[in-house]
2 protein chains.
Amino acid sequence: MTLVDEAVSISEAAEQTGLSTHTLRYYEREGLMLGGVGRASSTHRRYTGLDIQWVQFLTKLRSTAMPIARVREYVDFVRQGDSSFAARLALLEAHRVSVVAQLDEMTNSLAAIDFKIATYRKGI
Amino acid sequence: MTLVDEAVSISEAAEQTGLSTHTLRYYEREGLMLGGVGRASSTHRRYTGLDIQWVQFLTKLRSTAMPIARVREYVDFVRQGDSSFAARLALLEAHRVSVVAQLDEMTNSLAAIDFKIATYRKGI
DNA sequence: CTAGAACTTAGAGTGCACTCGAAGTCAAAC
DNA sequence: GTTTGACTTCGAGTGCACTCTAAGTTCTAG
C-alpha cells in the first residue's frame with residue numbers, strides 16, 4: 001500500500017474533516033484547495049493526507065471567521081511559492097489580531113451572560 | 001429634566017449601541033425589544049436607558065452567535081413575567097454551554113494559526 | 001412660516017456560505 | 001455483465017441577518 005493508495009474518496013474526506021461532500025466540492029470550486037484535488041483513474045476525487053490536513057487548517061480559519069475570499073487570497077499566495085512567505089505571514093498575523101479581538105469580545109459577552117444567570121439564580 | 005426626557009432618538013440610540021438605525025428598527029420589527037419602544041409626542045421612537053441596556057445585552061447574545069429566533073424566545077419568556085424565570089435561566093445556561101464551546105474551538109484554532117505563524121517566522 | 005434634516009413605513013435587495021436538485025457517469029459486488 | 005449506490009457537474013435554491021429604497025411625515029432652527 002503506497003501513499004498514493006491512501007488517498008480517500010470524497011465521502012471519507014467528509015467524514016475525516018466533519019464537512020459535507022457538498023461543502024468539500026464547494027470549497028474546491030471556490031479555489032480553496034491548495035493544489036487541485038487529484039482524480040482516481042477516472043473523474044472521482046481522491047483526497048491525500050495533505051489535502052485533508054489543509055482542509056482541517058482551512059476549517060480553523062473559517063471557524064475563526066475568516067471569509068472565504070480571504071482564504072482564497074492565502075491560497076493564491078501559497079500557489080505563488082516561496083516568494084510569498086512574507087505576504088502569508090502578514091495575512092495570518094492580521095487574522096490573528098482579529099481572532100484575539102473576537103476571543104476578547106466573546107469572553108466579555110460570556111461575563112455578561114454569567115452575570116445575568118447569577119441574577120436569575122438569586123431570584124429563584 | 002426627568003427620566004422620561006432622557007429617552008433618546010433612534011440615531012442617538014444607534015450611536016450608543018454601535019448598531020445602525022436600520023438594525024434597531026429591524027430588531028424591533030422582529031419582536032426583539034422587551035416592551036415595545038416608546039414614541040415621542042408623535043411617531044418617532046424614543047429609547048429609554050432600559051431600552052439601550054437591553055440592546056446592549058442583546059448585542060452580547062448576538063455576538064456569541066445566538067440566532068435571532070432564540071433571542072426572540074428569550075424575549076417572549078421575559079414578556080410572560082416572573083413565571084418564566086426558570087425557562088430564561090435554562091435558555092441562558094444552554095447558551096452558556098455553546099459560548100464556552102465556541103471559545104474552546106476558537107482558542108484551539110488560534111493555537112493552530114500561531115503554530116503556522118511560527119513556522120513562517122522560522123522559514124524567513 | 002419655511003427649509004432642510006431626521007424621522008416614518010413596507011417591502012425589496014444584498015451578501016455570504018453553504019445546500020440541494022437534476023441528470024447523467026462510474027465502480028464494486030454479485 | 002448487470003445492478004446499486006456513490007460519484008460527477010452545473011446551476012439554482014436556501015437561510016440568515018441585515019441593509020437599503022422610496023415615498024411620505026415630522027421636527028427644529030432660523
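In what follows, every chain begins at residue 1, and chains take the letters A, B, ... in the order their sequences are listed. Computation of the quantities below employed the complete heavy-atom set of this structure, encompassing side-chain atoms and omitting hydrogens, waters and symmetry-equivalent molecules.
Between A:Glu12 and A:Arg45, none of the side-chain N atoms (NZ, or NE/NH1/NH2) sits under 4.0 Å from a carboxylate O, so this pair counts as no salt bridge. A:Glu73 and A:Arg70 are joined by a salt bridge, as a carboxylate oxygen and a charged side-chain nitrogen come within less than 4.0 angstrom of each other.
Remark: B:Ser9 is in phosphate contact with C:dC7, judged by side-chain N or O atoms under 4.0 Å from OP1 or OP2. Between A:Arg45 and the phosphate of D:dT9, there is a side-chain N or O to OP1/OP2 separation shorter than 4.0 Å.
In this structure, A:His44 places its NE2 atom 7 Å from P of C:dC26, rounding to the nearest Å. Across the protein-nucleic acid pair, A:Ile68 atom CD1 and C:dT19 atom P stand 11 Å apart, rounded to whole Å. Whole-Å rounding puts the A:Glu12 CD to C:dA28 C1' distance at 15 Å. Rounded to whole Å, atom C1' of C:dG15 lies 16 Å from atom CZ of A:Arg70. The nearest whole Å value for the distance from the CD1 atom in B:Ile10 to the C1' atom in D:dT19 is 13 Å. The CE-C1' distance, from B:Met66 to D:dC16, rounds to 16 Å in whole Å. With rounding to whole Å, A:Glu15 atom CD is found 10 Å from D:dC7 atom P.
Side-chain proximity of A:Arg62 to C:dA17, C:dC26, D:dT26: nearest is C:dA17.
Residue-to-nucleotide proximity on DNA chain D shows that, of B:Arg46 and A:Ser11, the 5′-proximal contact is made by A:Ser11.
A heavy-atom distance below 4.5 Å is not found between the side chains of A:Ser11 and A:Glu15. Counting only heavy atoms from C-beta outward, the side chains of B:Met33 and B:Tyr47 approach each other to under 4.5 Å.
Residues of residues 52-59 of chain B that place a heavy atom closer than 4.0 Å to DNA chain D do not occur. Taking a 4.0 Å limit (strictly below) on heavy-atom distances, residues 16-33 of chain B reaches DNA chain D at B:His22, B:Thr23, B:Tyr26, B:Tyr27, B:Arg29.
One finds the CG atom of B:Leu34 at 10.5 Å from the CG atom of B:Asp76 (value rounded to the nearest 0.5 Å). We find the CG-OG1 distance between B:Leu89 and A:Thr119 to be 9.0 Å, quoted to the nearest 0.5 Å. For the atom pair B:Met106 CE and A:Gln102 CD, the distance stands at 4.0 Å (nearest 0.5 Å).
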side-chain hydrogen bond (donor to acceptor under 3.5 Å, both in side chains) assessment of A:Arg39 paired with A:Thr43: CA-CA 6 Å; A:Arg39 307 286 152 143; A:Thr43 56; over 6 Å; no

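Ring pair A:Tyr74/B:Tyr120 is perpendicular by interplanar angle, where above 60° counts as perpendicular and below 30° as parallel.
Counting any heavy atom pair closer than 4.0 Å across all strands shown, B:Arg39 reaches sugar-phosphate atoms only and no base atom.
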